[in-house]
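Note that these values count all heavy atoms, side chains included, but never hydrogens, waters or copies made by symmetry. One is the number of the first residue; the rest follow in order along the sequence.
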Amino acid sequence: SVGMPALSGSARADDLVAHHATYALSLAPGNANSSITGADGVMVYDQKDTCDGWATDLKMKVILSDDSGGARTMEVSQVYWESKSGKSFRFMTKSTVGDGSGAGQSTQTRGEVRIDSAGKASVVADQPVHAEAKLPAGVVFPLGQTDLVIKQAAAGETFVSAEVFDGTIPTQAVQETALIGAGEKDWNDMGKKFPDLAGVTSYPVGLAYFIGDKADSTPDSEQSMRLYANGVVGLFEFDLGGFKIRALLDQLKLQPAPGC
């Protein structure tokens, strides 16, 4: 899961801003154990307010160089619709790994989650195969989780844990923990100034993901980000198959609120 990160099903992502953001991708520092020697790419993220929900579209393409001089491409697409009530979620994800010649292997997921009036969550997926499953009580979706982290950070909390479903595993939620550092205004390690972020508090957040019932405390994947109080991410580092990619905000446009 690239994605952009216990709670009742009534989490409301209502303080977030609709925006269009472009990120420059590179190899993150500290990849000494990887055969990957370089990464170059772009990630585009679009978050639209649809009045009763949020429509998000993430597209990423990165070219990876390895120590034998070879190159391969990775492409990721994540298209979501998430209700602001936290009660429904539609997902379509695709990831493709290519060898540089144009040939590649793709994996896709697609489906829908509904949470009923009693709080029971169920998912129906039709890709990669038809499958139905129950999800844990209190499950949240990606923007509901982002909103939760921001609200807890504003309240001075430093730790958040939730069961999160984003569709990358089509019938399973993952346990996500967030460690939140001290907030600051006008943080800027992005190399350029963004007027829309002036005076907006941002927090360093470390995320760990645990798949299934794990007996040990080793996360399956980890991410770190600079998360603004309006939901914009300024810096994002994430695992991508044994190495880490850094995404640095390069362009940002806040979208006007719709006339709902």
Open item on the list: Under a 4.0 Å threshold between the charged nitrogen and the carboxylate oxygen, would Arg114 count as salt-bridged to Asp116?
Closed with: no
Task: Close side-chain approach of Phe165 and Gln172, heavy atoms under 4.5 Å - done: no
Task: Side-chain heavy atoms of Glu184 within contact of Arg226, under 4.5 Å - done: yes
Task: Pairing of Lys244 and Glu237 as salt bridge, 4.0 angstrom limit - done: no
Open item on the list: Salt bridge or not between Asp196 and Lys253? Use side-chain N to carboxylate O under 4.0 Å.
Closed with: no
TODO: With the side chain counted from C-beta on, respond yes when Glu82 and Pro142 share a heavy-atom pair under 4.5 Å apart, and no when they do not.
DONE: yes
- [ ] Determine, stepwise, if the pair His20 / Lys48 fulfils side chain to side chain contact (heavy atoms under 4.5 Å, CB included).
- [x] CA-CA 8 Å; His20 183 86; Lys48 288 191 174 76; over 6 Å; no
Task: Check against side chain to side chain donor-acceptor pair (under 3.5 Å), Thr109 and Thr93 - done: CA-CA 5 Å; Thr109 69; Thr93 77; 2.6 Å; yes
Open item on the list: I'd like to know if the side chain of Thr37 and the backbone of Ser65 have a donor-acceptor N/O pair within less than 3.5 Å.
Closed with: yes
Task: Cluster companions of Val42 among Ile, Leu, Val, Met, Phe, Trp, Tyr (side-chain spacing under 4.5 Å) - done: Val44
Open item on the list: Can a donor-acceptor pair be found, under 3.5 Å and without considering hydrogens, that links the side chain of Asp220 to the backbone of Ile211?
Closed with: yes
TODO: Show your working on side chain to side chain donor-acceptor pair (under 3.5 Å) between Lys59 and Ser77 and close with a plain yes or no.
DONE: CA-CA 5 Å; Lys59 298 279 188 291; Ser77 168; 3.3 Å; yes
- [ ] Evaluate the side chain to side chain donor-acceptor pair (under 3.5 Å) criterion for residues Glu176 and Gln145: first the C-alpha distance (whole Å), next the side-chain angles of each, then the deciding distance (0.1 Å), finally the verdict.
- [x] CA-CA 9 Å; Glu176 179 185 294; Gln145 169 65 352; 2.5 Å; yes
Open item on the list: Check for me whether the distance between the ring centres of Phe89 and Tyr80 falls short of 6.0 Å.
Closed with: yes
